[in-house]
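These notes are about the structure you will find just below.
Heads up: numbering here begins at 1 and tracks the sequence.
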Amino acid sequence: MGSEFYIVDATASPVVFQFAPLIEYDKRTGNFEIYLKGQYYLSFENPIESSGYLEEELFYYYSFLEKNLLIFSADHQNDFYQEAGYDGLFEPAVQYNRDFNFGFLMAKFGYQLYYGSGILNDNYIDVGYYGNQGVGFEFTYYWYYTNNPLTDETVFEFLPNYTMKDVFYAEMEIDINHDFTIFAFQPYVEFYIKNFTIWVEVDFLNAGKDQDLIVEPYVGFSYKF
């Protein structure tokens, strides 16, 4: 969420196809849940490049007043690159859910601390709705802070999505910078076959006036333990 909203200086090819299989582990015991993810990217550029991704996330669920839920989480992400070492982020967050007969409303506040990259940190507020019929959406507002105050940025993200349980999930992530001149469109869909998931994503980055559009299609599969 919000990690690749747009590109200012485009040095990649206009279209880059990537193969990205992953493996996941998700286990909940009582009020605690742990989620682990490992992913490998093979980018068919010239020359071919590869990278890796690891994520560990811990959740604590606290229910109160029957239909209210607080979720405390800590997320750690790392990207490993073939030539350029690694970077990552650490993200503590708190989320509030309120159940209703028609679904639930949610609000979330998070803080992301980056290392090994130009962005020092960002804060975000996320609000959303998820209905009983599988339709949902989220709206997120980010504040990005860098080493140079002149390059600090705010970003808007809109995420409509639809879930058909045990069949597929689809979403369209739309990211817009503060003055509505640069856009990113990231359609994503995944299909479920028991514990296997097949997924496809196409990222349209850097869209906007006087910008060089970059298209990054992805295809991958995962197995969830």
Side-chain angles (χ1 to χ4, degrees), residues 1-12 20 22 24 32-39 41 51-62 69-97 106-128 137-159 161 171-186 188 201 203-208 211 214 216 218:
M1 183 174 60
S3 62
E4 194 173 28
F5 53 94
Y6 67 92
I7 298 174
V8 176
D9 297 314
T11 57
L22 60 89
E24 297 174 287
F32 289 93
E33 180 180 2
I34 185 171
Y35 172 77
L36 305 174
K37 175 180 176 180
Q39 190 163 15
Y41 291 90
S51 61
Y53 173 81
L54 293 176
E55 180 178 2
E56 314 88 43
E57 192 164 10
L58 181 65
F59 302 88
Y60 176 75
Y61 299 87
Y62 175 71
L69 177 67
L70 282 176
I71 305 173
F72 300 92
S73 62
D75 188 15
H76 182 232
Q77 303 175 25
N78 280 284
D79 291 289
F80 300 90
Y81 303 103
Q82 183 174 323
E83 301 292 341
Y86 72 95
D87 58 30
L89 67 85
F90 175 71
E91 177 190 331
V94 59
Q95 178 175 328
Y96 169 70
N97 291 359
M106 57 85 67
K108 183 177 182 180
F109 174 79
Y111 171 79
Q112 296 180 330
L113 175 64
Y114 293 80
Y115 51 90
S117 66
I119 298 176
L120 294 179
N121 61 74
D122 73 72
N123 303 313
Y124 67 86
I125 294 176
D126 180 25
V127 294
F137 66 84
E138 294 185 32
F139 176 80
T140 310
Y141 181 61
Y142 292 91
W143 298 268
Y144 287 90
Y145 303 97
T146 67
N147 287 313
N148 182 359
L150 296 177
T151 62
D152 290 351
E153 181 68 278
T154 56
V155 175
F156 305 95
E157 179 180 291
F158 183 60
L159 186 74
N161 55 77
E171 68 178 32
M172 168 64 84
E173 181 179 320
I174 304 169
D175 299 305
I176 310 169
N177 73 325
H178 73 283
D179 56 5
F180 295 87
T181 57
I182 306 175
F183 303 83
F185 305 94
Q186 298 169 270
Y188 171 88
E201 179 177 341
D203 295 349
F204 299 90
L205 306 175
N206 223 34
Q211 303 296 325
I214 292 179
E216 294 184 344
Y218 296 79

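- Here the options are E91, Q112, E56, the test is side chain to side chain contact (heavy atoms under 4.5 Å, CB included), and the partner is D75; only E91 passes.
- No side-chain heavy atom of D203 sits less than 4.5 Å from a side-chain heavy atom of E173.
- With sequence neighbours excluded, the residues forming a side-chain hydrogen bond (donor to acceptor under 3.5 Å, both in side chains) with H178 are E153, listed by chain and number.
- The minimum heavy-atom distance linking Q39 with A20 is given by the pair NE2-O, 3.2 Å.
- Contact of the Y60 side chain with the L58 side chain is not registered, since no non-hydrogen atoms from C-beta on lie closer than 4.5 Å.
- Applying the ring pair (Phe, Tyr, Trp, His ring centres under 6.0 Å) criterion to Y188, with sequence neighbours excluded, gives W199.
- Distance check, rounded to the nearest 0.5 Å: CZ of F158 to CG of D175 gives 12.0 Å.
- Between G110 and A93, the shortest heavy-atom distance links the atoms CA-CB, 3.9 Å.
- Note that CD of E157 is 9.5 Å distant from CZ of F139, once rounded to the nearest 0.5 Å.
- Y35 is linked by a side chain to side chain contact (heavy atoms under 4.5 Å, CB included) to E24, D26, K37, E55, E57, F59, counting only residues two or more places apart in sequence or in another chain.
- By the 4.5 Å heavy-atom criterion applied to side chains, Y114 and D122 are counted as neighbours.
- Put simply, CG on L113 and CZ on F90 are 8.5 Å apart, with the number rounded to the nearest 0.5 Å.
- In this structure, the side chain to side chain contact (heavy atoms under 4.5 Å, CB included) partners of F204, at least two apart in sequence or on a different chain, are F185, P187, V202, L213, V215.
- Checked against side chain to side chain contact (heavy atoms under 4.5 Å, CB included), N78 has the following partners two or more places apart in sequence or in another chain: H76, F80, Y86, Y115.
- Here CD1 of I174 is found 8.5 Å from CG of L159. Values are rounded to the nearest 0.5 Å.
- Atom CE of residue M172 and atom CG of residue N161 lie 12.0 Å apart, to the nearest 0.5 angstrom.
- Taken to the nearest 0.5 Å, the CG atom of N121 stands 11.0 Å off from the CG atom of L89.
- Shortest non-hydrogen contact noted between G38 and L54 is CA-CD2, 3.9 Å.
- Residues that satisfy the side-chain hydrogen bond (donor to acceptor under 3.5 Å, both in side chains) test with T154, not counting sequence neighbours, are absent from this structure.
- Residues I125 and F109 are in side-chain contact: their nearest non-hydrogen atoms beyond the backbone lie under 4.5 Å apart.
- Taking Y141 as the reference, nothing meets the side-chain hydrogen bond (donor to acceptor under 3.5 Å, both in side chains) condition, with sequence neighbours excluded.
- In this structure, the side chain to side chain contact (heavy atoms under 4.5 Å, CB included) partners of L69, at least two apart in sequence or on a different chain, are Y61, S63, I71, N97.
- Remark: N123 pairs with no residue by the side-chain hydrogen bond (donor to acceptor under 3.5 Å, both in side chains) rule, at least two apart or across chains.
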